[in-house]
Amino acid sequence: MFRPVSAKPDLVAQEHEILAEWRARRTFERLRAQNAGGPKWSFLDGPITANSPMGVHHAWGRAYKDVFQRFHAMLGEDQRWQNGFDCQGLWVEVNVERDLGFTNKRDIEDYGIAEFVSLCKQRVLTYAARQTEQSVRLGMWMDWNDPDELRRLRDLLAADPSRPTTIEGPDGPVTDSVEMLVGRLGMPDVGGSYFTFSNENNDLIWGFLKECHRRGWLYKGHDTMPWCARCGTGISQMEMNEGYADREDPGLTIRLPLVDRPGEDLLVWTTTPWTLTSNVAAAVGPALRYVKVRQGDAIHWLAKGTLKQALTGTFEVLEERPGSELVGWRYAGPFDDLPAVRKAFATGASPIAADAPYEHRVVAWDEVGEEEGTGIVHVAPGCGAEDFALGKALGLPMIAPLDESGIVVDGFGSLTGRDVRDVTDPIVEHLKHEDRFYRLEPYLHRYPHCWRCQTPLVFRLVDEWYISMGPVYDKPRAELTRAEVDASLRYQIMEVVDRIRWIPSFGYDRELDWLLNMHDWMISKKRYWGLALPIYDCHACGTFDVVGGRDELRERAVAGWDAFEGHTPHRPYIDAVTVACPSCGAPVERIKDVGNPWLDAGIVPFSTLHFREDPGYWQEWFPADFITESFPGQFRNWFYSMLAMSTVLRREPPFVTIFGYALVFGGDGRPMHKSSGNAVDFDEAAERMGVDVMRWMYTTARPEENIRFGWHAADDARRELLVLWNVYAFFVTYARLNGWQATGSSDGSSAGTVLDRWILSRAAATAAVVGDRLADVDAAAAAKAISTFIDDLSTWYLRLSRKRFSRNDDAADRSTAFATLHGALLALARFAAPILPFLTEAIYGNLGGAIAGAPDSVHLTRWPADELAPARDEPLERAMATARAAVELARTLRGSAGIRTRQPLARMWLAVPGGAETELDALVALIRDEINVRAVELIGDESELVERRVKPLLPKIGRKHGSAIPAIMAAARENAVEYGADGSVTLAGVTLAPDEVEILASPRAGTAVAHHDGLVVVIDTELTDDLRAEGDARELQRAIQDLRKDAGLALDDRIEVWVDGLADDAAAHLDDVAEETLADTIHRGPAPAGSAEASSEVALSRGSVTIALCRVRRAGEAA
RNA sequence: GGGGGAGUAGCUCAAUGGUCAGAGCGGCGGGCUUAUAUCCCGCUGGUUCCAGGUUCGAGUCCUGGCUCCCCUACCA
């Protein structure tokens, strides 16, 4: 017997029960064992940042990951099931800093780098445990660590990292110091999720960097970089565009007096006043026109095209010259007295005479424009990349005013020691005092900000480390020679990209576009928590070397190994080791920088697949068959770093297929992000809507479109699943009432009715489509097919079959009906299992548990498509589609005639298109019942019901007949047509050949309606007294059923009914009414006082009738 | 700032240059149903961003403008 099922299920509670059941029965472990040795399907999980609890936006991708893994498991394929955590980098550092209340890097140094790094590791373990729990709740099956074990390691790490401890690995206990054990997480002997902070991950990146160096692609750059003063680190190109935002800066115009033209000055505009301290030149466009203007006593020079925007008040133009004539003019700088300026100028060479000290000069620069400012550009080569390039080209001195925290360095007078963000006011004051100030007004522009902490970036002159991407050639890829590709990493990566299937396909173009525009990859960060870059830069001789791994470091160490031994390769311990310079032999320290975190994630196709310690294993699992991540952002991040590293190491694709999806938006219409404050907590959503509903919402969504997350959308998703649930509940309710049991083998397909065979065919078809779509990475289409099947099952199969379950004296037919619905539901449970793991498990558990020998979980069953395939009957499916269309048309006709479906009609006429005659009798009967007509007459020749119309084929006749077209089309619309004997037609005096027109049959006005497939339906709308009486009886029956429901009666309660005011001809049908409503007696006349439990009134064709009912007490029942 | 894409019903989106611009959702009305919180039918809804142009015919092609999105970017 099946367990009873509520029509209003608590899906959330049920999910928790199933999670407990999976745990208790070790269902996942058994699935892995079952598939061990099967064909391999290699999924590579993109690491999630273990830095905060998940929001609902993380669940989209994780739902996809689980759907595809479960599906491939049902195909019997062996998988690795390894989740990944991203661990190193600024994300984690910034949060630890916040927790500690730190505001800058000095706080970290004071606190102690070792302690700080340990806190970063602890934070990662905390949130890895948390996200593990959340992912399990989502139904995600992975080789999870025990979250409590992760928290235990965290606590031990805090207490004493050197203490030995033991954890249970897949092949037995593993013992090591806490610190080293944490560094071994995810490795084969320890098991569980991979962590990018692992020793192996770091070690393999070292190997990668050494390989880059071997090929000469690694270099140190000296340049002005975008810089975050709060984080104290440079911002790479990959990170830059995360942080563009509108910002209001001071738009400051100042006067620079000309030394050789007393009383005259240059007007210069800047939005970064702090850079004025480092001014060394003023650039003019040599081809632009410049004017001298008088304003009161002052005389200014500026570009002619900027007069209106740059000047305030009236002016008088005195003189005009090309910019080239201004070049070489000397001017007084804005901060000439500062020691730093004097020092730079004393050592800088004058462009006029090599031995003279430098002086401020007007220089020529083609880039200068007139759109903004004054057409005279303030140049500070220490404060901007373009200025830097210009300064380098012209040999100008460089002044770098900021330290790494954005504090003004020594030599800048009263500004020294101040924060760059606070110097605008003192600078303006200074300029006013010196009579250099002209104008200040706010200026709104797009400005880069730190992607992590939103601090506006500054530009600093620094040393950073880069991987060269190679030249960009000014010609199409197809024309490149082999040698050119071999000399440029970016084109090599593109060749790898060519070999990958990108879904959606625009991903391919986006990745190529990024690669073409990518600057060299800046891999260094002047921070603490992350990959220790294994670069040893010799100050003695100026050469640098790269160490390729821990073992190599041990061999080459000349000092400090003891301090490092026993530690993971992180700061500060790694910094103690020095090696001998291979060039001059001097002892060299590691550079202090840590690595770009995308190095950490990019190496995982190697590190997690044991590239080094088990090459055989790596061969088997590389490249990954599949990865899936959110597209926005990853082209320049994870995809890019994996592609770059795999290209360098193997020149092979690291993955074969990539499936990308868009973003989850919050209720405010912005991308959902924790830092945006619009994130919806995952746990809240899971407990409120249930994770199957969430998974359904995500898998039905179009992956290339952003999703707007909302509870309303969740309700829509839930409603659809409740339809399925109600079919299931219906089945269980009546199976229990009838004592029906599954026998194990019967699928009802041979003896079933046309509807039975149809729904089983639909189940087979759906299983095939869902399997095909999932195999092709199209979850939305798979979900859509399931959705259509649920609709078929509920609104067509069950609607039309209901009586076979509830009131059926034919035991064999009843049994067939139960077997059919049972089979359809079990099939659905199986092919929907990857998407809806809980709901399908509940259904399967109740319906399939009874069958001997069946697996005890739907997730241990194999993909059902082949098994179901024999039930497929495509002609029947097509015929049924036609029948459904006919019913819809007839309903439309009823609607427009104002005759409700309960009112029987004498007959309808039906013309079906050729080829749809399969099961015609059964389908006609079905249509007859559904439309409630006594007879259906088939019309072989539909010509009585339709008229011929002509549709001229415009693309064919358009050019030939030109301006006659409107008249031809008007004639066609009015059907003013002459048919020729040869098939030609004449419209508006123009004769068209047979192949220039299409002859259509369209329904005559007044009938209806079938536009395609030639289906035509007509109903007889004449109502006889007899039909009215039967209609009234049906209406009465329906009112009694309503009343039963209102009175809260059980499905099998028997009743006694009173009907007052019913006409005699309708009363002739009362026996039928009594049977349908489970009434023992139907009295005519009013109910005796006090005997009725419920009553109501119903309007019939000949007046209103009062009905009343009460429950009949059974023998032995208390009164 | 540069490059690309898109503007169509209240919303999400269709419509090889072809003659009444369509779906779904929503809204309104009606209907079916003792599994249903569902479902079915009908109706409603349009300056196809604006202004020109090409054409027998333009949502579609061309020119100019406006707005939004994506990619990219320190012009002072």
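Order of the sequence lines sets the chain letters (A, B, ...), proteins ahead of strands, with each chain counted from 1. What you are looking at is a predicted structure, and each value in this text was computed from that prediction instead of being measured.
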Side chain of [X] only, heavy atoms from C-beta on: which candidate in [options] is closest?
X	options	result
A/Arg1044	B/C71, B/U34, B/G18	B/U34
A/Arg900	B/G31, B/U19, B/U34	B/G31
A/Val727	B/U38, B/C70, B/A35	B/A35
A/Gln1041	B/C39, B/U34, B/A73	B/U34
A/Leu954	B/C39, B/U72, B/U19	B/U19
A/Asp791	B/C71, B/C39, B/G18	B/C39
A/Leu1078	B/A35, B/U34, B/U72	B/U34
A/Thr795	B/U36, B/C39, B/G18	B/C39
A/Pro966	B/A35, B/C56, B/C32	B/C56

Tell me the interatomic distance from [X], atom [atom1], to [N], atom [atom2], rounded to whole angstroms.
X	N	atom1	atom2	answer
A/Tyr447	B/U72	OH	P	20 Å
A/Phe631	B/C71	CZ	C1'	14 Å
A/Leu721	B/U38	CG	P	13 Å
A/His961	B/U19	NE2	C1'	16 Å
A/Leu724	B/A37	CG	P	16 Å
A/His378	B/C75	NE2	C1'	12 Å
A/Lys956	B/G57	NZ	P	23 Å
A/Arg802	B/U33	CZ	C1'	6 Å

Under 4.0 angstrom, heavy atoms only, what part of the nucleic acid is [X] near: base, sugar-phosphate, or nothing?
X	result
A/Ser794	base
A/Gly369	base
A/Thr901	sugar-phosphate
A/Pro448	nothing
A/Leu953	nothing
A/Glu371	base
A/Asp513	sugar-phosphate

[X] side chain N/O closer than 4.0 Å to the phosphate oxygens (OP1, OP2) of [N]?
X	N	answer
A/Arg902	B/C32	yes
A/Arg719	B/U38	yes
A/Arg799	B/C39	no
A/Arg1038	B/U33	yes
A/Tyr734	B/A35	yes

Mind checking the [atom1] distance from [N] to [M]? Whole angstroms is fine.
N	M	atom1	answer
B/U67	B/U48	C1'	16 Å
B/C25	B/U44	C1'	14 Å
B/G24	B/C56	C1'	36 Å
B/U55	B/G65	C1'	24 Å
B/A37	B/A58	C1'	47 Å
B/U8	B/A15	P	14 Å
B/A9	B/C49	P	8 Å
B/C62	B/C43	P	37 Å

What does [N] pair with, Watson-Crick or G-U, if both distances are under 3.5 Å?
N	value
B/A35	none
B/A9	none
B/C43	B/G27
B/C56	B/G18
B/C75	none
B/A51	B/U63

Can a donor-acceptor pair be found, under 3.5 Å and without considering hydrogens, that links the side chain of A/Arg736 to the backbone of A/Phe2?
yes
Side-chain (A/Arg439) to main-chain (A/Trp269) donor-acceptor, under 3.5 angstrom
no
Do you see a donor-acceptor pair shorter than 3.5 Å between the side chains of A/Glu511 and A/Trp502?
no
Side chain to side chain contact (heavy atoms under 4.5 Å, CB included) involving A/Gln309 - partner list, sequence neighbours excluded
A/Thr306
Going by the rule side chain to side chain contact (heavy atoms under 4.5 Å, CB included), which residues pair with A/Leu953 if we only count those two or more places apart in sequence or in a different chain?
A/Lys956, A/Glu998
Take the angle between the ring planes of A/His445 and A/Tyr447 and call it parallel below 30°, perpendicular above 60°, tilted in between.
tilted
Does some side-chain heavy atom of [Y] sit less than 4.5 Å from a side-chain heavy atom of [X]?
X	Y	answer
A/Leu11	A/Leu839	yes
A/Ile759	A/Asp792	yes
A/Tyr640	A/Phe635	no

Of A/Ser963 and A/Val723, whose closest RNA chain B nucleotide lies nearer the 5' terminus?
A/Val723
